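Not measured: the values here are computed from a predicted model. When a ligand or atom number is given, it counts from 1 through the structure's own listing order.
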Amino acid sequence: VITSTMPGAALVTGAGSGIGRAASVALAAAGFDVHVLDVDEGALKETAAIVEKQGRCVAHTCDVTDPDQVDDTVLRAHDERQRLDVVVNNAGVYQVDDLLELSYANWRRVLAVNADGTFLVSQAAARRMVTQPVHPALQRRGMVINISSVAAEGGRPNRTAYGASKALVRHLTMSQAMAWREHEVAACLVYPGEVFEGMLQNVYQRLSEVTGRPREELIEGAQRALPRQQFQTAAEVAQRITFLATTPGMSHSGTVLWCDSHLSAI
Ligand SMILES: NC(=O)c1ccc[n+]([C@@H]2O[C@H](COP(=O)([O-])OP(=O)(O)OC[C@H]3O[C@@H](n4cnc5c(N)ncnc54)[C@H](O)[C@@H]3O)[C@@H](O)[C@H]2O)c1
């Protein structure tokens with residue numbers, strides 16, 4: 001049973017770390033039941049222990065690149081309340097390789113998690129969302145929030161598979177927004193800039209190996225390029241995700257919400 005005061009149920013992928021963990025906490029604080037999903041069981045347990053302090057949390061170990069695991073997980077999450085109101089496609093992997101050296105295996109791995117995973121989870125969730133009643137408070141049947149990146153725009157010579165996967169997520173989201181609006185299922189994008197809490201910590205090590213420049217120099221350079229000389233925080237991105245999730249109606253379908261410390265303006 002849903003009421004006009006209950007935000008509903010949310011599913012967050014890649015919830016074991018960084019932005020996914022922060023988003024799970026923020027959505028629980030906003031009143032959502034939160035289904036946290038990650039391939040890393042240990043990290044997922046840690047997240048669940050934190051989220052449970054805010055509200056109801058169910059943990060699902062799942063690899064988003066496996067269609068059967070995804071279907072089974074989304075089905076179980078949906079079955080709890082017979083609805084899923086928000087899905088945050090956040091699971092992702094990064095890649096740093098010189099474009100002449102980038103292997104097909106690395107290209108496929110990044111596309112599989114970032115793009116295929118987003119496609120599979122969104123579709124499995126939307127198939128259920130279109131059949132559920134409109135939520136009285138959220139005034140729609142469901143919402144898909146896909147985490148892309150500023151890397152979706154422009155070239156990234158050392159991070160091409162990553163940028164390409166995020167550009168694919170952008171196109172997928174715009175198509176979802178158009179295809180599902182008649183079902184009152186919204187789809188929108190968040191573009192984080194550089195968040196130094198998750199995957200980025202290892203990225204600068206790899207960038208240093210590929211470019212031959214010291215890691216600290218690369219980090220300082222990236223920070224200096226930002227207007228406030230500060231990286232984004234996962235909590236700031238989580239705030240944007242929660243804003244989208246809790247805004248009633250369909251007006252944010254097709255929206256790209258930048259959360260990038262003006263990185264894009266440089
Ligand atoms: N950190 C940044 O600066 C930044 C910037 C722009 C966009 N993003 C995007 O935000 C999202 C989260 O980034 P983060 O920095 O928090 O990364 P992170 O590495 O801290 O977290 C990613 C999570 O995804 C999980 N994951 C990886 N492969 C998976 C799979 N096959 N199935 C299920 N889960 C899987 C990992 O276990 C991990 O917990 C990613 O999509 C990333 O591309 C991050």
Practice problem: Take every heavy atom of E197, measure it against each atom of ligand 1, and state whether any distance is under 4.0 Å. | Solution: no
Quiz prompt | Atoms of ligand 1 close to L200 [distance to a heavy atom under 4.0 angstrom, numbered from 1] | solution = 3 (O)
Quiz item: Who gets closest to atom 7 (C) of ligand 1 by heavy atom: G117, G92, A112, S148?
Solution: S148
Quiz item: Which bit of K166 gets closer than 4.0 Å to ligand 1, counting heavy atoms only: side chain, backbone, both or neither?
Solution: side chain
Quiz item: Identify the closest protein heavy atom to atom 24 (O) of ligand 1: which residue and atom is it, and at what distance?
Solution: G14 CA, 3.4 Å
Quiz item: Looking at side-chain heavy atoms only, is the closest gap between N146 and S122 below 4.5 Å?
Solution: yes
Practice problem: Using non-hydrogen atoms of the residue, decide whether T13 is closer than 4.0 angstrom to ligand 1. | Solution: no
Practice problem: Using distance alone, determine whether A15 and ligand 1 share an N or O pair under 3.5 Å. | Solution: no
Practice problem: Return yes or no for this condition: an N or O of D38 is under 3.5 Å from an N or O of ligand 1. | Solution: yes
Quiz prompt | S149 side chain vs Y191 backbone, donor-acceptor pair below 3.5 Å | solution = no
Quiz item: According to the salt bridge (charged side-chain N to carboxylate O under 4.0 Å, His left out) rule, which pairs have a member within residues 139-151, sequence neighbours left out?
Solution: R141-E184
Quiz item: Can you find an N/O atom of N90 closer than 3.5 Å to an N/O atom of ligand 1?
Solution: yes
Quiz item: Looking only at distance, does S17 have an N or O less than 3.5 Å from an N or O of ligand 1?
Solution: yes
Quiz item: Would a 4.5 Å heavy-atom cut-off, applied to side chains only, mark N90 and I241 as touching?
Solution: no
Quiz prompt | Side-chain heavy atoms of T173 within contact of N89, under 4.5 Å | solution = no
Exercise. State, yes or no, whether a side-chain contact exists between T65 and D116 at a heavy-atom distance under 4.5 Å.
Key: no
Quiz item: Starting from atom 16 (O) of ligand 1, which protein heavy atom do you reach first, and at what distance in Å?
Solution: I19 N, 2.8 Å
Exercise. For ligand 1, find out whether one of its N or O atoms is nearer than 3.5 Å to an N or O atom of N114.
Key: no
Practice problem: Please indicate whether any nitrogen or oxygen in V195 is less than 3.5 Å from any nitrogen or oxygen in ligand 1. | Solution: yes
Self-check item: side chain to side chain donor-acceptor pair (under 3.5 Å) pairs, two or more places apart, involving residues 34-44
Solution: H35-H60
Quiz item: Does the side chain of V96 come within less than 4.5 Å of Q205's, by heavy atoms?
Solution: no
Quiz item: Does ligand 1 have an atom under 4.0 Å from some heavy atom of Y162?
Solution: yes
Quiz item: Any heavy atom of G193 sitting closer than 4.0 Å to ligand 1?
Solution: yes
Quiz item: Which ligand 1 atoms are under 4.0 Å away from a heavy-atom of I147?
Solution: 9 (C), 10 (O)
Quiz item: Would you say ligand 1 has an N or O under 3.5 Å from any N or O of F196?
Solution: no
Practice problem: Show which atoms of ligand 1 fall inside a sub-4.0 Å distance from at least one heavy-atom site of E194. | Solution: 3 (O)
Quiz item: Does ligand 1 have any atom sitting under 4.0 Å from a heavy atom of C62?
Solution: yes
Quiz prompt | Backbone N/O of L84 and side chain of Q132: donor-acceptor pair under 3.5 Å | solution = yes
Quiz item: Is it true that atom NE2 of H183 has more than 12 heavy atoms of other residues, nucleotides or ligands lying nearer than 6.0 Å?
Solution: yes
Self-check item: Shortest protein heavy-atom distance from atom 13 (O) of ligand 1, along with the residue and atom involved
Solution: M199 CE, 3.8 Å
Self-check item: side-chain hydrogen bond (donor to acceptor under 3.5 Å, both in side chains) between T47 and R21, worked out
Solution: CA-CA 6 Å; T47 295; R21 178 176 287 180; 2.7 Å; yes
Exercise. Would you mind reporting whether K166 and T118 have side-chain heavy atoms less than 4.5 Å apart?
Key: no
Practice problem: For G18, take its heavy atoms, then give the atoms of ligand 1 lying under 4.0 Å from any of them. | Solution: 16 (O), 20 (O)
Exercise. Would you mind reporting whether Q54 and V34 have side-chain heavy atoms less than 4.5 Å apart?
Key: no
Quiz item: Less than 4.5 Å apart, any side-chain heavy atom of R159 and any of L207?
Solution: yes
Exercise. Sort out for me which residue in N106, N158, T160 forms a side chain to side chain donor-acceptor pair (under 3.5 Å) with D97.
Key: N106
Quiz item: What is the closest protein heavy atom to atom 28 (N) of ligand 1, and at what distance does it sit?
Solution: V113 CG1, 3.6 Å
Exercise. Could you find the nearest protein heavy atom to atom 32 (N) of ligand 1 and give me its residue, atom name and distance?
Key: V64 N, 3.0 Å
Quiz prompt | Residue D63 vicinity, atoms of ligand 1 by number, heavy atom under 4.0 Å | solution = 30 (C), 31 (N), 32 (N)
Quiz item: Which residue from V110, N89, V39 reaches closest to atom 35 (C) of ligand 1 through any of its heavy atoms?
Solution: V39
Quiz item: Backbone or side chain, does any N or O of L37 fall under 3.5 Å from an N or O of ligand 1?
Solution: no
